[in-house]
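The figures here come from the full heavy-atom set of this structure, side chains too, leaving out hydrogens, waters and symmetry mates. Nothing fancy with the numbering, it's 1 onward along the sequence. The model shown is predicted, which means the values in this text are computed figures rather than measured ones.
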Amino acid sequence: VQLQASGGGLVQAGDSLRLSCAASGSTVSRYVIDWFRQAPGKEREFVAAISWNGISTYYADSVKGRFSISRQNANAKITVYLQMNSLQPHDTAVYYCAAAVNAGPGGRVDFWGQGTQVTVSS
């Protein structure tokens with residue numbers, strides 16, 4: 001499984017941004033897709049996840065009501081979106097997508113993508 005995140009950038013507080021994760025591989029459709037983020041000097045933290053069929057979604061408390069995750073499956077390639085609204089400076093981080101066996105911060109991640117930088121100015 002290969003994952004590639006994109007869509008990061010520099011925005012102002014209150015703006016929106018949509019991240020994309022392009023995932024491919026023969027088994028990719030079986031995986032939960034997670035978004036994590038890591039701010040400078042902090043540990044990587046769970047942000048959101050979506051089940052293999054797109055029915056179940058999970059969010060960290062810090063992003064509930066502001067972020068939305070969605071998924072498009074197409075055979076051996078899927079795209080997962082993270083719509084981020086009402087962005088705040090504390091959302092500044094490198095965002096990573098990952099393919100996991102289980103959803104949530106404790107789930108086993110089998111594959112990581114490279115990160116995309118999101119910077120929110122005040």
Side-chain angles (χ1 to χ4, degrees):
V1 174
Q2 295 180 329
L3 305 106
Q4 185 169 357
S6 62
L10 172 63
V11 297
Q12 293 185 332
D15 285 351
S16 298
L17 204 59
R18 189 177 78 163
L19 304 183
S20 299
C21 175
S24 59
S26 60
T27 61
V28 67
S29 62
R30 305 175 190 173
Y31 281 95
V32 170
I33 301 297
D34 291 342
W35 283 98
F36 287 80
R37 66 186 181 186
Q38 187 167 19
K42 295 188 177 180
E43 294 186 352
R44 189 174 298 184
E45 65 172 352
F46 170 79
V47 175
I50 188 164
S51 61
W52 67 272
N53 55 9
I55 293 178
S56 300
T57 56
Y58 311 83
Y59 298 94
D61 288 342
S62 59
V63 306
K64 279 181 182 176
R66 299 189 299 123
F67 289 13
S68 177
I69 190 170
S70 61
R71 174 175 183 146
Q72 290 183 332
N73 287 1
N75 296 323
K77 185 174 181 179
I78 66 168
T79 304
V80 174
Y81 301 100
L82 184 67
Q83 178 68 42
M84 305 185 295
N85 299 326
S86 301
L87 283 163
Q88 299 300 317
H90 65 255
D91 294 315
T92 294
V94 178
Y95 284 71
Y96 300 87
C97 57
V101 175
N102 311 101
R108 190 189 86 198
V109 172
D110 281 358
F111 302 96
W112 289 95
Q114 93 294 351
T116 185
Q117 176 71 47
V118 173
T119 304
V120 185
S121 63
S122 57

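Every salt bridge (Lys or Arg N to Asp or Glu O under 4.0 Å) that R66 has, sequence neighbours left out, goes to D91. For S70, the side-chain contact (heavy atoms from CB on, under 4.5 Å) criterion is met by Y81, not counting sequence neighbours. Judged as a salt bridge (Lys or Arg N to Asp or Glu O under 4.0 Å), and not counting sequence neighbours, the contacts of K64 are D61. Residues forming a side-chain hydrogen bond (donor to acceptor under 3.5 Å, both in side chains) with Q117 (at least two apart in sequence, or on another chain): T119. Remark: D15 engages no residue in a salt bridge (Lys or Arg N to Asp or Glu O under 4.0 Å) (not counting sequence neighbours).
Looking at every heavy atom in both residues, S121 comes nearest to P89 through C-CG, 4.4 Å. Looking at every heavy atom in both residues, L17 comes nearest to G7 through CG-O, 3.6 Å. When all heavy atoms of G14 and Q88 are compared, the closest pair comes out as N-NE2, 4.0 Å. Among all heavy-atom pairs drawn from T116 and G8, the shortest one is OG1-N, 3.0 Å. Nearest approach of A99 to V1, heavy atoms of both residues: CB-CG1, 4.2 Å.
Between the CD1 atom of I33 and the CG atom of N73 there is a distance of 8.5 Å, given to the nearest 0.5 Å. Considering CD1 of I50 and CD1 of I78, their distance stands at 8.5 Å, rounded to 0.5 Å. Distance CD/Q72 to NZ/K77: 11.0 Å, rounded to 0.5 Å. In this structure, CG on L19 lies 4.5 Å from CH2 on W35, to the nearest 0.5 angstrom. Summarising the geometry, atom CZ belonging to F67 is positioned 9.5 Å from atom OG belonging to S16; distances are rounded to the nearest 0.5 Å.
Cluster partners of W52, using a side-chain heavy-atom cutoff of under 4.5 Å among ILVMFWY residues and allowing indirect links: none. Think of Y96 as one node in a network of Ile, Leu, Val, Met, Phe, Trp and Tyr side chains linked at under 4.5 Å; its network also takes in F36, F46, Y58, V94, V109, W112.
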Side-chain donor-acceptor pairs of residues 20-28 under 3.5 Å, sequence neighbours excluded:
none

Which atom pairs, donor and acceptor, lie under 3.5 Å between side-chain atoms of residues 100-108 and protein residues at least two apart or in another chain?
| from | atom 1 | to | atom 2 | distance (Å) |
| --- | --- | --- | --- | --- |
| R108 | NE | D110 | OD1 | 2.9 |
| R108 | NH2 | D110 | OD1 | 3.3 |
| R108 | NH2 | D110 | OD2 | 3.1 |

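Within 6.0 Å of CD on Q83 lie more than 12 heavy atoms contributed by other residues, nucleotides or ligands.
Each salt bridge (Lys or Arg N to Asp or Glu O under 4.0 Å) pair with one or both residues in residues 16-26, not counting sequence neighbours, would appear here, but there are none. The list of salt bridge (Lys or Arg N to Asp or Glu O under 4.0 Å) pairs with a residue in residues 40-54, not counting sequence neighbours, reads R37-E45. Within the structure, disulfide bond (SG atoms under 2.5 Å apart) pairs that include any residue of residues 26-71 do not occur (at least two apart or interchain).
Between the side chain of Q38 and the backbone N or O of A93 there is no donor-acceptor pair closer than 3.5 Å. Using a distance-only test at 3.5 Å, with no hydrogens or angles considered, a donor-acceptor pair links the side chain of Y59 to the main chain of I69.
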